[in-house]
Amino acid sequence: MSKQVTVIVEGKEYVVTVGDLSARPVVASVGDTTYQVEVPAAPSAPVTSGFPAPVATPAVAKKAAPVATGSAVTAPMPGDIDEVLVKVGDVVEAAQPVIVLEAMKMKNQIRANVAGKVASIEVSSGDHVDYGAVLVTFE
């Protein structure tokens with residue numbers, strides 16, 4: 001069962017559709033873009049910080065997971081390519097890491113959300129990419 005929530009990230013409002021929270025990975029969609037996200041386990045006891053509960057789950061708001069649209073893996077955030085983990089002709093499984101993207105001093109594994117054969121690699125180590133840039137395409 002999927003659920004729609006509205007979140008605000010860096011002052012911009014998004015409508016997010018979140019899939020089955022018991023599945024791994026959890027699938028979330030923002031517009032036409034689909035993300036595989038990790039959702040932390042709920043705490044065993046209520047947290048009593050005095051602050052209201054957050055509107056969005058941290059996994060959706062921080063866009064920590066990879067993104068792929070159609071047969072291309074795209075950058076989920078701007079950053080620098082730290083490492084390319086595949087080469088043209090490699091056969092990859094869904095959720096297999098294909099790129100390491102460094103953003104805000106954190107290294108993020110960008111994973112394929114479809115299984116397939118790598119058709120092209122559009123980036124090299126050291127390249128700077130913007131949000132949505134095509135990183136890897138599949139046949």
Side-chain angles (χ1 to χ4, degrees):
M1 181 168 106
S2 63
K3 179 179 180 180
Q4 279 195 338
V5 295
T6 301
V7 298
I8 298 174
V9 179
E10 296 178 357
K12 189 170 179 183
E13 189 173 291
Y14 299 90
V15 174
V16 180
T17 303
V18 181
D20 181 4
L21 293 175
S22 65
R24 292 296 179 260
V26 174
V27 176
S29 299
V30 181
D32 293 335
T33 306
T34 301
Y35 299 88
Q36 292 180 6
V37 298
E38 294 179 23
V39 178
S44 57
V47 177
T48 57
S49 66
F51 293 101
V55 174
T57 62
V60 174
K62 67 181 180 182
K63 295 184 188 176
V67 60
T69 55
S71 61
V73 175
T74 59
M77 64 193 85
D80 297 317
I81 302 300
D82 185 65
E83 188 177 359
V84 177
L85 303 173
V86 294
K87 59 186 179 295
V88 173
D90 284 356
V91 175
V92 299
E93 298 296 321
Q96 178 179 332
V98 294
I99 298 282
V100 177
L101 176 71
E102 185 174 342
M104 297 176 63
K105 299 184 182 180
M106 293 185 67
K107 293 185 180 188
N108 303 279
Q109 287 189 344
I110 309 304
R111 301 172 185 265
N113 78 342
V114 293
K117 186 174 181 182
V118 176
S120 69
I121 299 170
E122 304 297 325
V123 295
S124 300
S125 292
D127 287 355
H128 178 79
V129 295
D130 291 324
Y131 170 79
V134 174
L135 306 176
V136 177
T137 62
F138 299 101
E139 292 181 359

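Bear in mind that the values here come from a model prediction, so they are computed numbers and not experimental data. Values below: all heavy atoms of this structure, side chains included; hydrogens, waters and symmetry mates excluded.
Among all heavy-atom pairs drawn from V92 and A112, the shortest one is CG2-CB, 4.2 Å. Nearest heavy atom pair, residue A103 against residue G79, reads CB-CA, 4.4 Å.
If you chain together hydrophobic residues whose side chains sit under 4.5 Å apart, V98 and V114 fall into the same group. Linking Ile, Leu, Val, Met, Phe, Trp and Tyr residues whenever their side-chain heavy atoms come within less than 4.5 Å leaves V84 and V134 in two separate clusters. Hydrophobic cluster membership differs between V123 and M106, with clusters built from Ile, Leu, Val, Met, Phe, Trp and Tyr side chains linked at under 4.5 angstrom. F138 and V91 are assigned to two separate hydrophobic clusters, defined by single-linkage of ILVMFWY side chains at heavy-atom distances under 4.5 Å.
Going from atom CE of M77 over to atom CD of E102 covers 11.5 Å, rounded to the nearest 0.5 Å. A distance of 13.0 Å separates CZ in R111 from CD1 in I99, rounded to the nearest 0.5 Å. The distance from atom CG of L101 to atom CG of D82, rounded to the nearest 0.5 Å, is 8.5 Å.
Side-chain contact between I81 and L135 is present, with heavy atoms from C-beta onward closer than 4.5 Å.
Screening residues 115-125 for side-chain hydrogen bond (donor to acceptor under 3.5 Å, both in side chains) gives S120-E122, S120-T137 as the qualifying pairs, with residues at least two apart or on separate chains. Screening residues 127-139 for salt bridge (Lys or Arg N to Asp or Glu O under 4.0 Å), with sequence neighbours left out, gives no hits.
Chaining together hydrophobic side chains whose heavy atoms lie under 4.5 Å apart places V100 alongside L85.
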